[in-house]
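What follows is one structure encoded as structure tokens, with my remarks underneath.
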Amino acid sequence: KVADGIIINKTKLLNKRLVKSSLTLLQNYEELLPLKRLDTLKIALVSIGEDGSAFQKMLSNYAPVKHFIISEKASSTEQAVLLNKLSKYNLVIAGVHKSNANAWKSYKIARRTDILLQSIALQSKVVVSVFANPYSVNSFLFTNNFDALLFGYQNSEVAQEELAKAIFGGIGIGGKIPVTTKHFEINYGLKTDAIRMNYVTAEEIGFGSDLLYKIDSIAENAITKKSTPGCQILIAKEGNIFYNKSYGFHTYNKKSKVTNSDIYDLASITKIGATVPVLMQMVDNGYLDLDEKLGAYLALDTSDKKDLIIREILSHQAKLYPWIPFYKQTLEKDSVSGIMSLRDTLYSNKMSESFPFKVAEGIYLHAQFPDSIIKQIKDSELLEKKEYRYSDLGYYLFKKLIETKYKKSINQIADEQFYKKLGMENLGYLPLDRIDSNRIVPTEFDYEFRSQLLKGYVHDMGAAMQGGIGGHAGLFSNANDLAKLMQMYLQKGEYGGERYLSEGVVKEFTRCQFCIDENRRGAGFDKPVLKGEEGGPTCQCVSPLSFGHSGFTGTLAWADPETKLIYIFLSNRIHPDASNKKLLDMDVRTEIMQVIYDSLDER
């Protein structure tokens, strides 16, 4: 450290440690930081002055943040326009970015900037983040209007990233101001704790560059061999995301590169991403008993499904048939051409009260058909033997059970109870209602049913016939948001300073339920294959405590309590059609997992 705010950067890693240790929190009214109840916050970021893009990017990893930029020299009119826009937000994070060009550049904050910040503080909670010499605080007429005031000392990329993490509790703050100012005495500073995932380099937590090169090689080879047009890979260790990288393109025409903010169809990961966490919460609240019959919670009339045990359905050991192709019943063959098409009595090209369920672009299903799906499941035959047989049918019934209890759609329940609180912008149902379509990775050209490329519409036919909201499929996400959910499971139901599920319920659902019957499954969660068996979603390297789920579209989310490791792989391997099984044949997901676990022994 040469002087205040000037650090000799021998290496990025050294600079990161110095910046992290110097971050200072000077005000924190009502302990606003680190931010906790994200579901109650509508957050805006205002970047003032120099480049603040690294600050914006890192903040967006933690929660939805709307970004605004304004010059230090902005007129009163420009400030008034901005203030009007900011009035819609109950929390404003202001980044004051001064130049890093040299030590003689002015660090003083313009009077116009001070007036703007004071005005923002009158209408919203405001977190002021200053990336400048600490003497710059003297430019403020007063600071007590600010709900929080932080110093990053320099406007480097590292300083911006570290301060953004600290705001959300990715790292703790413990620095002290090194000078006496008009408002604060020397060595003053407040402390905060880490409560969320951190973003680090592999080297920071002891992983070598060999691991990164090996993953690059496997992923790029998979794309070259056309097992998938592109993918996202995320790895976290002990709450530290050290690998979050995107490869390839949305499709084989190579027009849109995959970025970390792009979202994929998660397919069956929906089970542990929506239905299972809600069921776990119901168990915690005393609304559900895993060992009770389904008929105790759902009116099933004389159907033999009423006697199915909840635990056995979740573990795919309830004698349910694997799948019923409901969509085929809605097709008819043209008497002349012999081509199958949608029955016009069941479908319309316009939404209405009679046709409310959007199956895909320009296709709406009749209001009564989802009830017909439930009836068919009730009336379906059971398999003769009670043994492990993977089935989606139970999740149609679980969706019905959940929505009957809460009198809301499962997407609303999961969003309110989990996604918003976890700070998720990308994970959820119906992405076209929430996400820029340019960020949605397409799946299959569906010639058999919907006659179009599916982009933002769930690939699974049964979920599509429920308006895109299924208990077994329908979720979309990027790897970053999905990691938050998996970390919550890994932390036994707690994340961001808030408890979502009890430790006991997480342990119960993620354990192997019927190992004695040679069934590896947990309650809703998939598990590693049992000793002496082959196959499964993982390499042989994971611990028996680990859990997760895979998806038909080429996805996998896995967490291991023993190694405190999270591994996520997202792809659209079914593009351009589901006959492409190269990703499965090449064992791409498990090969990467093996490389990750091999590297643990080398740390």
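Computed from heavy atoms alone, side chains included, the values below leave out hydrogens, waters and symmetry copies.
Other residues, nucleotides and ligands place more than 12 heavy atoms under 6.0 Å from the CD atom of Glu533. Residue Glu387 places its CD atom among more than 12 non-hydrogen atoms of other residues, nucleotides or ligands, all under 6.0 Å distant. Residue-environment remark: CZ (Arg389) stays at or below the threshold of 12 foreign heavy atoms within 6.0 Å.
Side chain to side chain, Gln232 and Asn260 fail the donor-acceptor criterion of an N or O pair below 3.5 Å. Thr259 and Ser261 are linked by a side-chain donor-acceptor pair at a separation below 3.5 angstrom, with hydrogens and angles left out of the test. At a cut-off of 3.5 Å, with distance as the only test, no side-chain donor of Asn572 or Thr553 sits close to an acceptor on the other residue.
Taking both residues in full, the closest heavy atoms of Arg450 and His459 are given as NH2-O, 2.7 Å, listed atom of the first, atom of the second, then distance.
Considering Leu320, Val276, Ile313 as possible partners of Tyr395, the one that fulfils the side-chain contact (heavy atoms from CB on, under 4.5 Å) test is Val276.
With contacts defined as side-chain heavy-atom distances shorter than 4.5 Å, the pair Asn61/Tyr199 qualifies.
Annotation: cation-pi pair Arg573/Phe552 present, NZ/CZ under 6.0 Å from the ring centroid and within 45° of its normal. Both the sub-6.0 Å distance and the 45° axial angle are satisfied by Lys405 relative to the ring of Tyr287.
Note on Lys484 versus Asp481: salt bridge recorded, some NZ/NE/NH1/NH2 to OD/OE distance being below 4.0 Å. Salt-bridge check for Arg439 with Asp262: failed, with every basic side-chain N at 4.0 Å or more from each acidic carboxylate O. Ion pairing between a basic and an acidic side chain is recognised when a charged N comes within 4.0 Å of a carboxylate O; Lys306 and Asp301 show no such pairing. Salt-bridge check for Arg311 with Glu508: passed, with a basic side-chain N closer than 4.0 Å to an acidic carboxylate O.
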Exercise. Give the intermediate values and the outcome of salt bridge (charged side-chain N to carboxylate O under 4.0 Å, His left out) for residues Asp304 and Lys378.
Key: CA-CA 7 Å; Asp304 53 9; Lys378 289 180 182 178; over 6 Å; no
Quiz prompt | Steps toward salt bridge (charged side-chain N to carboxylate O under 4.0 Å, His left out) verdict (Glu403, Lys408) | solution = CA-CA 5 Å; Glu403 293 179 343; Lys408 291 181 180 179; over 6 Å; no
Quiz prompt | side chain to side chain donor-acceptor pair (under 3.5 Å) assessment of Asp289 paired with Tyr297 | solution = CA-CA 10 Å; Asp289 182 345; Tyr297 306 101; 5.3 Å; no
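Within the 3.5 Å criterion, the main-chain N or O of Lys492 finds a donor-acceptor partner in the side chain of Arg499.
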